Amino acid sequence: MQKIRANSVLPARREELTLQTADGLDLVANLALPESGDPVATIICLHPLPTHGGMMDSHVFRKAAFRLPALAGIAVLRYNSRGTWSEQGTSEGTFDNGVGERFDVAAAIEHAEFAELPNVWLVGWSFGTDVTLMHGLDPLVQGAILLSPPLRYSKPEHLAAWAESGRPLTAIVPEHDDYLRPPEARERFAAVPQAEVVAVEGGKHLWVGDAETVLDEIVARVAPGVAVPLPREWDGPMTTADTSAYNAHNLAAYKDVPVPGPAQRDTGA
């Protein structure tokens, strides 16, 4: 048995994709599937604010793609929203403050439908939670999980729409979040009767050191038949990813970039 570490990559079928949006952009994307058999569920990952380093390889989503196909039988579809860089490439277009990004999430959902991926859930993180609330109520989507939701771009009418839909909505909120902490989150999400707020003791906005906790919470909701906590060791082939490019990008590329719109301090590791 080997310990599963931050950069451990477990076996999966992985495919680099290009998603095409309704307004004519090509988006960089990646799909990770169980090595054999059909997935039991699918998560589409909506990343943090790209103007501060958020991308499809932000660490929680990268670890989801590295681990969940093997440990939980879950398909993980990630994409770079318009204008967003990752090591795989840069999506066309420019950041649009959550407006044009509606076409991006629609393209990801359309691919999941075309590929006949089952039991599709959206998992947004920070800025990605606002995109989820604003644009994620597609008939294919079974529910959504929000990591560190700031509720900065989304409006009360978006929460009202989720309330009316009756679809499951879970907000996973770190105790020491920079924007919305558990007590306030419970007040704000009270507008959605079926919403669940999960407070993570000691957690912070970027979930550094808490990725395993977050992945367990995701799996418990999208694939309740899978036992959690997930294994922390793996008896089988495993490789190690080089994440130096991501780290350099987050530390340097967006260090002094001004952020338009309301989310001036949102970041994504």
Side-chain angles (χ1 to χ4, degrees), residues 1-17 28-48 53-80 84-89 117 121 123-126 128 145 147-148 172 174 198 200-251 267-269:
M1 300 289 286
Q2 302 177 73
K3 181 178 175 59
I4 299 172
R5 302 187 183 279
N7 298 344
S8 298
V9 184
L10 306 187
R13 290 174 286 154
R14 296 185 167 87
E15 179 182 4
E16 295 185 357
L17 305 172
V28 172
N30 188 284
L31 176 63
L33 296 164
E35 191 174 33
S36 62
D38 296 327
V40 299
T42 304
I43 61 172
I44 298 176
C45 301
L46 284 69
H47 59 70
M55 55 180 161
M56 72 179 190
D57 287 322
S58 291
H59 80 100
V60 173
F61 291 159
R62 188 170 70 235
K63 290 165 186 171
F66 286 173
R67 303 177 193 181
L68 295 189
L71 296 180
I74 293 174
V76 180
L77 176 58
R78 299 171 295 143
Y79 68 93
N80 286 333
T84 299
W85 174 95
S86 74
E87 193 173 25
Q88 185 177 314
L117 297 175
W121 286 65
V123 179
W125 179 5
S126 196
I145 298 172
L147 311 179
S148 307
I172 302 177
V198 178
V200 177
E201 184 177 354
K204 296 184 179 180
H205 190 75
L206 297 183
W207 299 111
V208 175
D210 287 309
E212 287 77 12
T213 298
V214 171
L215 295 181
D216 286 343
E217 296 288 354
I218 292 170
V219 171
R221 285 152 186 83
V222 307
V226 176
V228 292
L230 295 172
R232 303 312 195 225
E233 296 180 323
W234 177 254
D235 185 14
M238 184 168 67
T239 60
T240 300
D242 178 5
T243 62
S244 58
Y246 317 128
N247 298 334
H249 175 74
N250 284 338
L251 291 174
T267 59

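None of the values given here were measured: they were computed from a predicted structure. In what follows, residues are counted from 1 in the order of the sequence shown.
Every residue meeting the side-chain contact (heavy atoms from CB on, under 4.5 Å) condition with V9, not counting sequence neighbours, appears here in chain and number order: R14, F66, T239, A241. With sequence neighbours left out, the side-chain contact (heavy atoms from CB on, under 4.5 Å) criterion links P229 to D216, R232. Residues satisfying the salt bridge (Lys or Arg N to Asp or Glu O under 4.0 Å) criterion with D38, sequence neighbours excluded, are absent altogether.
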Notebook entry, point to check: Can you check side chain to side chain contact (heavy atoms under 4.5 Å, CB included) on E212 and R67, steps first, answer last?
Noted result: CA-CA 10 Å; E212 287 77 12; R67 303 177 193 181; 3.1 Å; yes
Next item on the list: Would you sort out whether N30 and Y79 count as a side chain to side chain contact (heavy atoms under 4.5 Å, CB included), showing the intermediate values?
Entry: CA-CA 6 Å; N30 188 284; Y79 68 93; over 6 Å; no
Next item on the list: Go through the steps for F61 and M56 under the test side chain to side chain contact (heavy atoms under 4.5 Å, CB included), then give the verdict.
Entry: CA-CA 7 Å; F61 291 159; M56 72 179 190; over 6 Å; no
Next item on the list: Take I4 and L71 through the side chain to side chain contact (heavy atoms under 4.5 Å, CB included) test and state the conclusion after the steps.
Entry: CA-CA 11 Å; I4 299 172; L71 296 180; 4.1 Å; yes
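The shortest non-hydrogen separation linking S86 to D57 is CB-OD2, 3.4 Å. Smallest separation of non-hydrogen atoms from V28 and G89: CG2-C, 3.6 Å. Nearest heavy-atom pair, A211 versus V60, reported as atom, atom and distance to 0.1 Å: CB-CG2, 4.4 Å. Summarising the geometry of I44 relative to L46, their closest heavy-atom pair is O-CD1, 3.5 Å, with the distance given to 0.1 Å. The two residues K204 and S148 make their nearest non-hydrogen contact at O-OG, 4.5 Å. The minimum heavy-atom distance linking M238 with K3 is given by the pair CE-O, 3.6 Å.
You'll find the side chain of V226 stays beyond 4.5 Å of the side chain of I74, heavy atoms only. Residues W207 and P174 form a side-chain contact, since some pair of their non-hydrogen atoms from C-beta on lies under 4.5 Å apart. Side-chain contact check for S58 versus W125: some heavy-atom pair is nearer than 4.5 Å. By the 4.5 Å heavy-atom criterion applied to side chains, P69 and L10 are not counted as neighbours. At a threshold of 4.5 Å between non-hydrogen side-chain atoms, the residues L31 and L117 count as touching.
Going from atom CG of L33 over to atom CD of E15 covers 8.0 Å, rounded to the nearest 0.5 Å. Annotation: the span from L215 atom CG to I43 atom CD1 amounts to 7.5 Å, rounded to 0.5 Å. Here CG of L77 is found 7.5 Å from SG of C45. Values are rounded to the nearest 0.5 Å. Interatomic distance, CD1 of I172 versus OG1 of T213, reported as 9.5 Å (0.5 Å rounding).
Counting only distance, with no hydrogens or angles, the side chain of H47 and the backbone of R78 share no donor-acceptor pair below 3.5 Å.
Within a 6.0 Å radius of CD in E201, no more than 12 heavy atoms belonging to other residues, nucleotides or ligands are found.
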